[in-house]
Every structure is written in structure tokens, then in C-alpha cells.
Amino acid sequence: MNDRVTPAMHALPDGEAELSLVVRLPWEDVARLGQEAGRLAAQTGRPVTLDEAVSNRLRSVRASAAHAKPSTSTAATGGEQPQATPAGGGSVASLPRISGTA
């Protein structure tokens, strides 16, 4: 039994939060995340983990969503509402497929 308890979420000094979770993915999705990590590693010139690649992908989707036009209901009420991610916009499924896979 694992006696070490890791909190599901904790605050980071830079003002962000870190979530710990377990996700079951098909190997094809893991391979796509590996490709994303490879691209990020080439850009940064250093090794990149899969979780860092996922975080980078989610941040890029969030940044593009922040530039989206607010809906009329939000503008009319003046209240802030969370923006939904476009279908497939930041999901693993939106990553390019590896050649030779269906």
C-alpha cells in the first residue's frame, strides 16, 4: 500500500495550480503525446516529459480561447463565464496521427 498521500491539487509559487490525476489513454494517444513532446523539445533544446507536453498543449489552447470573442450572453450580463474548449481543440485527438496508423 502506498502510504504517501499526494494532494490532488496544490498552488505553485508562480500563481498557477498543479493537478495530479490518472488518465487511461490508448497507446496511439500516448504516441501522439510523444510526438508533441518531441516538437516541444526541439523548440526548447532540452528534454521534455509527456506531462510537460500536455501542460504546454493545454496552455496553448487556453491562450487561443482567451482571444475568442465573448458570447452575447456574457457581454449582455457583464459577468464572466468559463469558455468551453472547441470540440477537439485541445484534446489528444487533435494531435496529428502517426503515419501508418488508422
Going from [atom1] on [X] to [atom2] on [Y], what distance comes out if it is rounded to the nearest 0.5 angstrom?
X     : Y     : atom1 : atom2 : value
Thr49 : Asp51 : OG1   : CG    : 3.5 Å
Leu19 : Leu58 : CG    : CG    : 10.0 Å
Leu33 : Leu50 : CG    : CG    : 6.0 Å

- Within one Ile-Leu-Val-Met-Phe-Trp-Tyr cluster: Met9 and Val23, side-chain cutoff 4.5 Å: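 Shared cluster, yes.
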- Common cluster, Val54/Val22, ILVMFWY with side-chain heavy-atom separation under 4.5 Å: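 No, because Val54 and Val22 fall into different hydrophobic clusters, even though each may have its own neighbours under 4.5 Å.
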- Item | Pairing of Glu52 and Arg59 as salt bridge, 4.0 angstrom limit |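 A salt bridge is absent here (no side-chain N lies under 4.0 Å from a carboxylate O).
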- Task: Could you tell me which non-hydrogen atom of Ala53 sits nearest to which non-hydrogen atom of Leu40, and how far apart they are?
- Result: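 Ala53 and Leu40 have their closest heavy atoms at CA-CD2, 4.2 Å.
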- Candidates Glu36, Gln43, Gln35 - the one meeting side chain to side chain donor-acceptor pair (under 3.5 Å) with Arg39: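 Of all the options given, the one that passes is Glu36.
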- Task: Under the side chain to side chain contact (heavy atoms under 4.5 Å, CB included) rule, what do Val30 and Arg32 come out as? Steps first, then yes or no, please.
- Result: CA-CA 5 Å; Val30 174; Arg32 282 188 223 110; over 6 Å; no
